[in-house]
Number of protein chains: 2
Amino acid sequence: MSADSRPRRGRPGHDRDQVLAVAVQLFNEQGYDATSVADVAARLGLTKSALYHHFASKQELLRLALDAALDALEEVLDRTLAEPGTASDHLRQVVRGAVDVLTARQPSVTLLLRVRGNTDVEQEALRRRRAFDQRVTALVRAAQDEGLVRADIDAAVATRLVFGMVNSLVEWYRPDGAVDPDELARDVLAVALDGLQSPR
Amino acid sequence: MSADSRPRRGRPGHDRDQVLAVAVQLFNEQGYDATSVADVAARLGLTKSALYHHFASKQELLRLALDAALDALEEVLDRTLAEPGTASDHLRQVVRGAVDVLTARQPSVTLLLRVRGNTDVEQEALRRRRAFDQRVTALVRAAQDEGLVRADIDAAVATRLVFGMVNSLVEWYRPDGAVDPDELARDVLAVALDGLQSPR
DNA sequence: GTCTATAGAATGATAGAC
DNA sequence: GTCTATCATTCTATAGAC
């Protein structure tokens, strides 16, 4: 449907999405700063100059990947809060949705979680990430007021702990691995809400 | 007592520990690869050459910091397993000890958790880290066999989720911040073992 | 759309004076 | 123990041919 999805004419070459996917994969393997444009080009089987035909700069590759991750995470929050339900219901859905995004878009989210704020592109991503965290913290606080989330832990700390657990998935989850994403989402919710101990 | 603790003679200059601490802090702020030796020297108020008088290479700074973090984490495991107790007791102590190490030695542990394996130094650190993870996973499995840890989640997944939560502390915990490390350790154990929901 | 060739800047590391 | 000066290498990005 979109202009991008129509069949390419002439010799195939590489399109932007394909180049971006390879670049993000390499950024995650070696780190963004440790990966040169020549590294990316080599893995694609072309030269630096050819790569610069597709993208204006190395930072543009980074910016596109970070925007994709942030768009997906913000959409989970927007969609959840637009539906009726208690704060506790919303919180459960946001955690579930975040796990879904992390597993479905692992490469770009991994990149996002490693950003240090060295450049304008990275600082803008950090700004959006902080805004996301604050909205989730407000949700945790509301769930505490409802009495369904324990109130003996500060809402900001509780949010960071749970999302620390969720975010850590990018360090080891792989789409082609042995762990099923649906089962994983169930496990994360189980540990986050009920804990590791056997139900008494 | 040790040779290193005797008073320095002559003009003070900088000693290795001081230089290392500044380097690790900068590595964490900007990322190891994004930080040049000139950056480290500038923050110390001296030149690159003066820094190379204290250390043979940029990688030596990295190696010393990673070894410090790994030594501390392995010591927690060794010390815990040497004591009598059930696997569930040991697991609780290891989580508690890991939080203590993360808060007390946040800079070097942060660096460890971000290593990508680009060089021999980094790969050796990853090897030790994997060995640590496997020993903890064995502990979780033993605690499941005892019946005190829920058995409906794979031991390796459960270990990664809990330590994902623990490790995420380095992203936001600061020694001079508002959160007390003892209280934080209590909160981590509470969420990890009993979950976020109010006790029913 | 891809190539060769290269500009211009920054990097890790060293030599040698003080 | 710190400095100035410098080296070889690598980096991002560009010019211009095919």
Side-chain angles (χ1 to χ4, degrees), chain A residues 3-4 6-24 26-27 29-66 111 115-116 118-122, chain B residues 3-4 6-27 29-66 111 115-116 118-123:
Chain A
D4 298 25
R6 68 172 190 277
R8 304 179 59 83
R9 305 184 188 183
R11 62 168 162 163
H14 298 86
D15 66 18
R16 284 171 63 92
D17 287 347
Q18 182 185 359
V19 171
L20 181 59
V22 168
V24 171
L26 216 42
F27 291 162
E29 286 175 16
Q30 308 178 337
Y32 175 76
D33 292 294
T35 304
S36 69
V37 176
D39 290 339
V40 178
R43 180 161 297 192
L44 282 161
L46 41 75
T47 61
K48 276 193 300 179
S49 301
L51 215 168
Y52 274 108
H53 172 78
H54 296 282
F55 294 92
S57 68
K58 186 183 172 186
Q59 279 214 42
E60 186 185 354
L61 290 164
L62 180 62
R63 184 176 52 77
L64 287 169
L66 297 181
L111 209 50
V115 151
R116 307 304 316 154
N118 289 339
T119 62
D120 286 349
V121 166
E122 299 190 17
Chain B
D4 299 25
R6 70 172 189 276
R8 302 180 59 82
R9 307 188 186 183
R11 59 169 165 164
H14 298 85
D15 66 19
R16 284 172 63 93
D17 287 347
Q18 182 186 0
V19 171
L20 181 59
V22 168
V24 170
Q25 185 183 353
L26 215 42
F27 291 163
E29 285 175 17
Q30 308 179 337
Y32 174 76
D33 292 293
T35 303
S36 70
V37 176
D39 290 339
V40 178
R43 180 161 297 193
L44 283 160
L46 41 76
T47 61
K48 277 196 295 180
S49 301
L51 215 170
Y52 274 107
H53 171 78
H54 296 283
F55 293 93
S57 68
K58 186 184 173 185
Q59 279 213 44
E60 187 185 352
L61 290 165
L62 180 61
R63 183 175 52 75
L64 288 170
L66 297 180
L111 209 49
V115 152
R116 308 301 318 151
N118 288 340
T119 62
D120 286 348
V121 166
E122 299 190 16
Q123 283 188 14

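By convention in this document, chain letters (A, B, ...) are assigned in the order of the sequence lines, proteins followed by strands, and residues within each chain are numbered from 1.
Counting only residues at least two apart or in different chains, salt bridge (charged side-chain N to carboxylate O under 4.0 Å, His left out) contacts with residues 30-39 of chain A are absent.
Taking A/Thr47 as the reference, A/Ser49, A/Ala50 meet the side chain to side chain contact (heavy atoms under 4.5 Å, CB included) condition, with sequence neighbours excluded. Residues passing the side-chain hydrogen bond (donor to acceptor under 3.5 Å, both in side chains) test with B/Gln123: none are found, sequence neighbours excluded. Under the rule for a side-chain hydrogen bond (donor to acceptor under 3.5 Å, both in side chains), the partners of B/Gln30 that lie at least two apart in sequence or sit in another chain are B/Thr35. Listed by chain and residue number, A/Glu60, A/Asp67, A/Val121 satisfy the side chain to side chain contact (heavy atoms under 4.5 Å, CB included) test with A/Arg63 (two or more places apart in sequence, or in another chain). Shown here are the side chain to side chain contact (heavy atoms under 4.5 Å, CB included) partners of B/Ala38, two or more places apart in sequence or in another chain: B/Ser36, B/Lys48. Take B/Gln25 and apply the side chain to side chain contact (heavy atoms under 4.5 Å, CB included) test, not counting sequence neighbours, and it matches B/Glu29, B/Arg43.
Heavy-atom distances under 4.0 Å link DNA chain D to A/Val37, A/Lys48, A/Ser49 of residues 37-49 of chain A, given in residue order.
Per the geometry, CG belonging to B/Leu61 stands 13 Å off C1' belonging to C/dA13, to the nearest Å. Distance B/Lys58 NZ to C/dA13 P: 8 Å, rounded to the nearest Å. In this structure, A/Leu51 places its CG atom 14 Å from C1' of D/dT14, rounding to the nearest Å. The distance between atom CG of A/Leu62 and atom P of D/dT12, rounded to the nearest whole Å, is 13 Å. Summarising the geometry, the separation between CG on B/Asp33 and P on D/dT12 is reported as 12 Å, rounded to the nearest angstrom. Atom C1' of nucleotide D/dG1 and atom CZ of B/Arg16 are separated by 14 Å, given to the nearest angstrom.
Counting heavy atoms from C-beta on, the side chains of A/Lys58 and A/Phe27 come closer than 4.5 Å.
Rounded to 10 degrees, the angle separating the terminal helix axes of the helix from C/dG1-D/dC18 to C/dC18-D/dG1, each built from five base pairs, is 0°.
Minimum atom distance to the side chain of A/His53 is reached by C/dT2, of the listed C/dG12, D/dT12, C/dT2.
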